[in-house]
Chemist: 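Below is one structure. I have some questions about it.
For clarity, every value in this text was computed on a predicted model and none was experimentally measured.
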Amino acid sequence: MAKTSNKKSIILGVIGFLLVAFGTLLVFLVPVIMDQQVEKNVRIDPSSGFAFEMWRDLPVPFYMSIYIFEVVNHKEVVLGEKPRVRERGPYVYREYKQKTNLTFHDNGTVTFIENRTFFFAPDKSVGSEDDYMIVPNIILLASSIMVKDLSLPIKWIISGAFATFNEEPFMNRTVKEILWGYEDPFLDFINMILPGKLPFKDKFGLFSDFNNSNTGVFTVNTGIKDITKVQMIDTWNGLTEVDFWHSNQTNMINGTAGQMWPPFRKPSEPLQFYSPDACRSLTFVYKEESEFRGIPTYRYSAPDYLFANGTDYPPNAGFCPCLASGVQNMSSCRFNAPLFLSFPHFYNADPGFVEAVDGLHPNGELHSLFLDLHPMQLSLFTKAISGISQTGSIAPVILPVLWFGESGYLDGAVYTTYYNTLVLFPTILDYLQYVLIALGLGFILIALLLPFVQRDNCFLFWSSNKKLDESQDINKAQTEKLTASNGTVLMEARL
């Protein structure tokens, strides 16, 4: 019995020790396994299968929501009154992105072009592409500002050309024409007498160069040699810096292309990406922890100084000439057109910009720039120009034209893959390691207690048998006595 008890204790002890050892090993191995899994899914490697295909074709649904500011008192504006605008929209477009012309280099980088295509999403929009609205005629108003310093006779000629082609400072166009382009006889005339001087050929539209286009040639780090550099830009269009601005810092091409960043970063580290549409690198800082359908995330937002002028934030001096803080002059990268970039409704800008236009309502929740939502406003500086009769008595103002926000979210197989990799699999391993340790300790405890339990059971069995034997002896004696007594009685009865 003792040998059997010892054998069981040893077996249970060995099993318990192995479970504890394996569980403890998992405590150290799980972080390593997870890091390896993350590295496998973020590096740009054709052999990684699904992860590479997802990076190349980007199946994540992206949407661009566009809000247009309709000028509701355009006749009065020409007479010098304050503009009054009404926000229309959103007009939402599904954006498809695909990387092509991939070339891998020996230095651990890859070159590609990312094509983008937009399709109207009526089910997500408030309105139709056929909606008409009155908006600034950018061709006329921007051209007027661009020629303001020319001699008066030349401006008379330009004004006569505007009149010949029936150009007015404001126009009534459909959403589709405003965004994606419309034919303009004046534009055709300018392209004929000044070929190659304008970026617009057949049509003019605010986003006419967006659809069926790309944002340039990117060369980024694959992360195969150094995971901490994955997605980081090596060059854009063959450049390591641009020449739009007036300082080395503002011309730098920093960060990634804006879709992914290297893993294992601390929240305190800012995220940077280069935006060809904004002609500059943008910086985001950590705001708060967040969550998307069970996947823990960090949320980053644009700092208050993003569009500050050089006086309020000296590192931004390279973006000047500047106005008050809150708007960025884009003329140096937009063919000297008087266009400005800001947050929607001049959020976080100098109050003077909001006060100059009726109908604006800045809201931090709606109009802040977050990493998962990129709202930007495009505005036009306009004023009356002597010699250009069409500009009338327009007061100097930065007039908002539209704002748009680009956002994307995980869905379908992509979401499932990320959820399993980042949440489900780590959770299972995390619980498993402690369950194994608890089970192992339980087995070890049973192994230690088993010999004592067996010994007590043997003692109880021996004591019980001994008492049973004594009881049987007593019963036997009593029976014999009773038999003898009965025998005597029976004998007497016979006599």
Chemist: Have Glu167 and Asn137 got a donor and an acceptor in their side chains that come within less than 3.5 Å?
Modeler: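 There is such a pair (donor and acceptor under 3.5 Å, judged by atom type) between the side chains of Glu167 and Asn137.
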Chemist: Counting distance only, does the side-chain N/O of Asn73 pair as donor-acceptor with the main-chain N or O of Glu76 below 3.5 Å?
Modeler: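 No: the side chain of Asn73 does not pair with the backbone of Glu76.
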Chemist: For the backbone of Val230 and the side chain of Trp261, can you confirm whether one donor and one acceptor N or O come within less than 3.5 Å of each other?
Modeler: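 It does not hold such a pair.
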Chemist: Asp234 side chain to Thr240 main-chain N or O, any donor-acceptor pair under 3.5 Å?
Modeler: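 No, because the side chain of Asp234 does not come within donor-acceptor range (under 3.5 Å) of the backbone of Thr240.
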Chemist: Consider salt bridge (Lys or Arg N to Asp or Glu O under 4.0 Å). Of Arg88, Arg173, Arg84, which one does Glu70 pass it with?
Modeler: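 Exactly one pass, corresponding to Arg88.
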Chemist: Should we count NZ of Lys97 as having more than 12 external heavy atoms under 6.0 Å?
Modeler: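 Counting neighbours around NZ of Lys97, more than 12 heavy atoms of other residues, nucleotides or ligands fall under 6.0 Å, so yes.
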Chemist: If you define the side chain from C-beta out and look only at heavy atoms, does anything of Ile388 sit under 4.5 Å from Phe162?
Modeler: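 Counting from C-beta outward, Ile388 and Phe162 do come under 4.5 Å.
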Chemist: Just checking Phe307 against Phe319, ring centres under 6.0 Å apart?
Modeler: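 Centroid separation for Phe307 and Phe319: 6.0 Å or greater.
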Chemist: Per the side chain to side chain contact (heavy atoms under 4.5 Å, CB included) rule, which among Phe120, Tyr132, Tyr91 passes with Val175?
Modeler: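 Among Phe120, Tyr132, Tyr91, the one that satisfies the side chain to side chain contact (heavy atoms under 4.5 Å, CB included) with Val175 is Tyr91.
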Chemist: Is a side-chain N or O of Lys229 found less than 3.5 angstrom from the main chain of Gly108, in a donor-acceptor match?
Modeler: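 Side chain of Lys229 to backbone of Gly108, a donor-acceptor pair under 3.5 Å: no, none is there.
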Chemist: Can you confirm whether Lys75 is buried at NZ, in the sense that more than 12 heavy atoms of other residues, nucleotides or ligands lie under 6.0 Å from that atom?
Modeler: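 12 or below, so no.
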Chemist: If only atom types and distance count, is the side chain of Ser325 paired as donor or acceptor with the main-chain N or O of Asp350 below 3.5 Å?
Modeler: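 Side chain of Ser325 to backbone of Asp350, a donor-acceptor pair under 3.5 Å: no, none is there.
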Chemist: What do the steps show when you test Gln390 against Ser159 for side chain to side chain donor-acceptor pair (under 3.5 Å), and what is the final call?
Modeler: CA-CA 7 Å; Gln390 288 80 3; Ser159 181; 2.9 Å; yes
Chemist: Is Tyr96 close to Asp57 at the side-chain level, that is, under 4.5 Å between some pair of heavy atoms?
Modeler: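 Answer no - side chains too far apart.
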Chemist: Measure from the ring center of Phe69 to the ring center of His345 and say whether it is less than 6.0 Å.
Modeler: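 Ring centres of His345 and Phe69 closer than 6.0 Å.
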Chemist: Given the side-chain rings of Phe118 and Trp180, with only the six-membered ring counted for Trp, is the space between their centroids under 6.0 Å?
Modeler: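 Under 6.0 Å, so yes.
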Chemist: Charged N to carboxylate O below 4.0 Å: is that the case for Glu269 and Lys266?
Modeler: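 Salt bridge between Glu269 and Lys266, a charged N being under 4.0 Å from a carboxylate O: no.
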Chemist: Does atom CG of Asp123 have more than 12 heavy-atom neighbours from other groups under 6.0 Å away?
Modeler: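 Enclosed: over 12 neighbouring heavy atoms sit under 6.0 Å from CG of Asp123.
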Chemist: Verify the ring-centre separation between Phe112 and Trp55: is it less than 6.0 angstrom?
Modeler: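 Yes, close enough.
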Chemist: Where is the tightest heavy-atom contact between Thr111 and Thr219, given as atom of each residue plus distance?
Modeler: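 That closest heavy-atom pairing would be OG1-OG1, 2.7 Å.
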